[in-house]
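Residue numbers begin at 1 in each chain, while the letters A, B, ... track the order of the sequences. These figures come from a predicted structure and were not determined experimentally.
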2 protein chains.
Amino acid sequence: MTRYTGESRMLVAVDCIIFGFDGTDIKLLLIQRGLKPEKGKWSLMGGFLQENESLEQAANRVLKKLTGLEGVYMEQMKAYGEPLRDPVERVLSIAYFALIDIHQYEKQLSTEYHAEWVHIKKLPELIFDHKKMVENAKKQLRYKAALHPILFELLPAKFTIPQLQILYEGIYDTTFDNRNFSRKVLSTELLIKQKEKDKANSKKGAFYYKLDKRKYKANFQAFLNFIPNPDKLLL
Amino acid sequence: MTRYTGESRMLVAVDCIIFGFDGTDIKLLLIQRGLKPEKGKWSLMGGFLQENESLEQAANRVLKKLTGLEGVYMEQMKAYGEPLRDPVERVLSIAYFALIDIHQYEKQLSTEYHAEWVHIKKLPELIFDHKKMVENAKKQLRYKAALHPILFELLPAKFTIPQLQILYEGIYDTTFDNRNFSRKVLSTELLIKQKEKDKANSKKGAFYYKLDKRKYKANFQAFLNFIPNPDKLLL
DNA sequence: TCAAAAGTGTTGTCGCTACACCCATGC
DNA sequence: GCATGGGTGTAGCGACAACACTTTTGA
């Protein structure tokens, strides 16, 4: 026996929802689609699953092709399979979301794809069901970040607590008490205080911290309850 | 333009991890595979995605074909795409997990598939990567049930708090203080007390409760924190 | 009357929010 | 010295785990 008979085969794609944080705003990396149809319209970066690669490999390949980055935090989100989601022919899409340190990739935007970082609250129209994918990704990111120390992936290796707070406030579209926030974050003991301060944003300056990689990996699955009143914030 | 060119198409399947609870044990509904290869070996129920159906439709079709049930709680879990996961040819599988009230479907096990309810801790060897799917499903169920009132889906319309507790204890493979458990559950205000008692398990008898469907739907996304020390329990 | 499960009451602890207040520095 | 963020101290409240104790009923 060599193949299953009487069943229909279809294309499979991976699409990447790529989040970045520039210190102020949360952004998504979008491209202008190079293929017909909808050529030139805004789209998530994606690609077809090749014959000998796994889904994870495909997602990483697609991300690397656009950004040049490897070893980025990525997570499989959801499969989208409406029969008519792509008007050309049936394409099943597996969506991944990625969190990248925008400073590692801000300038050298591949001109090949006309990629741009777009403010998450000012997204253009997107092709196919990509808008829905983005909405699901935002929701999942909020959900996950309420419980797990995932947002560090968006920051550079050295960062300050106020920077981290701005990031969390952006994700949850709210404000937190800075005094309680810093205490809560420090109480996780995931951060290692550095000697230097960042004086860009205040006269006193805020100490830099680095992530304790070992503890981060060990405690990743723990429920950390970063966010006050998660019930209310998560819709 | 009618099709994308130069890309490879493949089969897509859905596989269902079907959980049930018989009042004492948590079980999985497995079948004995009817197709070659691995014919006769234990497997999850699955089926190929048809040309004009969505993933959800396919999952529901597969579930109905085996159990006759519709409107069952189902959730998309994860896509599995290792190139060689099926030795016959490349098949991408989207796994769904389902929670069903075992009493609605215990006797009329379809002889067509040689289906059986198998104790979750005594699973046989499974074909392909189905073992991994089951493990992921267990983990996701634990995770989700720690925060959301999802396990009611496994119980009949009327149930007692001690029954619910046995279910939770089975899921988390631990024991809870019955006094605190009942208070915690009742504090959610999701349950409506009935007049009758279940006297099968004690002389005093335990009151039956029904789920307040309206509140259940409204509060489903809230973080309910059903479980003490979720950190420690979830691995 | 006693065994056994169901369920209520109570207490101490812990973690959280809210907010007063101090700190370091550039101007 | 004063404005501006950064950060610590503290008090009150609420949630929760632990566990004593009462209730109900069959045998």
Side-chain angles (χ1 to χ4, degrees), chain A residues 23-24 146-147 149 155 158-170 172 174-210 219 222-234, chain B residues 23-24 146-147 149 155 158-169 172 174-210 219 222-233:
Chain A
T24 310
L147 299 167
L155 290 168
K158 286 194 317 192
F159 54 88
T160 67
I161 309 276
Q163 281 168 16
L164 183 65
Q165 182 170 350
I166 290 167
L167 170 56
Y168 271 86
E169 292 181 339
Y172 293 101
T174 184
T175 55
F176 300 115
D177 183 293
N178 64 333
R179 299 158 290 187
N180 291 333
F181 183 84
S182 70
R183 233 177 328 210
K184 193 169 224 171
V185 167
L186 292 174
S187 74
T188 64
E189 300 194 303
L190 292 174
L191 301 186
I192 304 168
K193 194 173 194 166
Q194 305 297 297
K195 297 250 166 71
E196 326 100 81
K197 282 184 167 186
D198 165 34
K199 301 223 175 180
N201 298 301
S202 78
K203 303 172 178 183
K204 181 176 178 181
F207 280 104
Y208 280 113
Y209 288 84
K210 276 187 179 173
N219 291 324
F223 282 9
L224 286 173
N225 204 16
F226 268 112
I227 304 304
N229 296 320
D231 303 28
K232 284 154 203 162
L233 288 176
L234 296 177
Chain B
T24 309
L147 299 168
L155 290 169
K158 287 195 316 191
F159 54 87
T160 68
I161 309 276
Q163 280 169 15
L164 184 65
Q165 182 170 351
I166 289 168
L167 170 56
Y168 272 86
E169 292 181 339
Y172 293 101
T174 183
T175 55
F176 300 115
D177 182 293
N178 64 332
R179 299 158 290 186
N180 292 333
F181 183 83
S182 69
R183 233 178 329 215
K184 194 167 222 170
V185 167
L186 292 174
S187 74
T188 64
E189 301 194 303
L190 291 174
L191 300 187
I192 303 170
K193 194 172 193 166
Q194 305 297 298
K195 297 250 166 70
E196 326 98 83
K197 283 183 164 186
D198 166 34
K199 300 222 172 179
N201 298 298
S202 79
K203 301 172 181 183
K204 183 177 178 181
F207 280 104
Y208 280 114
Y209 287 84
K210 277 188 179 173
N219 290 325
F223 281 11
L224 286 173
N225 205 14
F226 267 114
I227 304 305
N229 296 321
D231 304 29
K232 285 154 202 161
L233 289 177

Looking only at dA18(D), dT23(D), dT25(C), the nucleotide nearest the Lys203(A) side chain is dT25(C)
Please work out which of the three classes, parallel, tilted or perpendicular, describes the rings of Tyr172(B) and Phe176(B), given edges at 30° and 60°.
-> perpendicular
Check the distance between [N]'s [atom2] and [X]'s [atom1] and give it to me in whole angstrom.
X         : N       : atom1 : atom2 : value
Gln163(A) : dG6(D)  : CD    : P     : 10 Å
Lys199(A) : dG26(C) : NZ    : C1'   : 9 Å
Phe176(B) : dC19(D) : CZ    : C1'   : 18 Å
Leu186(B) : dC16(D) : CG    : P     : 14 Å
Ile166(A) : dG5(D)  : CD1   : P     : 11 Å
Phe181(B) : dT8(C)  : CZ    : C1'   : 17 Å
Asn178(B) : dC21(D) : CG    : C1'   : 13 Å
Asp198(B) : dT25(D) : CG    : C1'   : 14 Å

When you measure only distances, ignoring hydrogens and angles, does the side chain of [X] come within 3.5 Å of the base of [N] through a donor and an acceptor?
X         : N       : result
Arg183(B) : dA17(D) : no
Lys204(B) : dA6(C)  : yes
Asn180(B) : dA18(D) : yes

Find which nucleotide of DNA chain C each of Lys197(A) and Ser187(A) is nearest to by heavy atoms, and output the residue with the more 5' nucleotide.
-> Ser187(A)
May I ask you to say what Asn201(B) touches in the nucleic acid, namely base, sugar-phosphate or nothing, with a heavy-atom cut-off under 4.0 Å?
-> sugar-phosphate
Using a cut-off of less than 4.0 Å, is there contact between a side-chain N or O of Lys184(A) and OP1 or OP2 of dT17(C)?
-> yes
Roughly how far, to the nearest 0.5 Å, is CZ of Arg183(B) from CG of Asp177(B)?
-> 8.0 Å
So do Ile192(B) and Gln194(B) actually touch side chain to side chain, heavy atoms under 4.5 Å?
-> yes
Hey, are the side chains of Thr160(A) and Asn201(A) touching, using non-hydrogen atoms and a 4.5 Å cut-off?
-> no
Taking for each residue the nucleotide of DNA chain D with the nearest heavy atom, is it Asp177(B) or Ser182(A) whose nucleotide lies nearer the 5' end?
-> Ser182(A)
Greater than 12 external heavy atoms within 6.0 Å of Lys197(A)'s NZ = yes
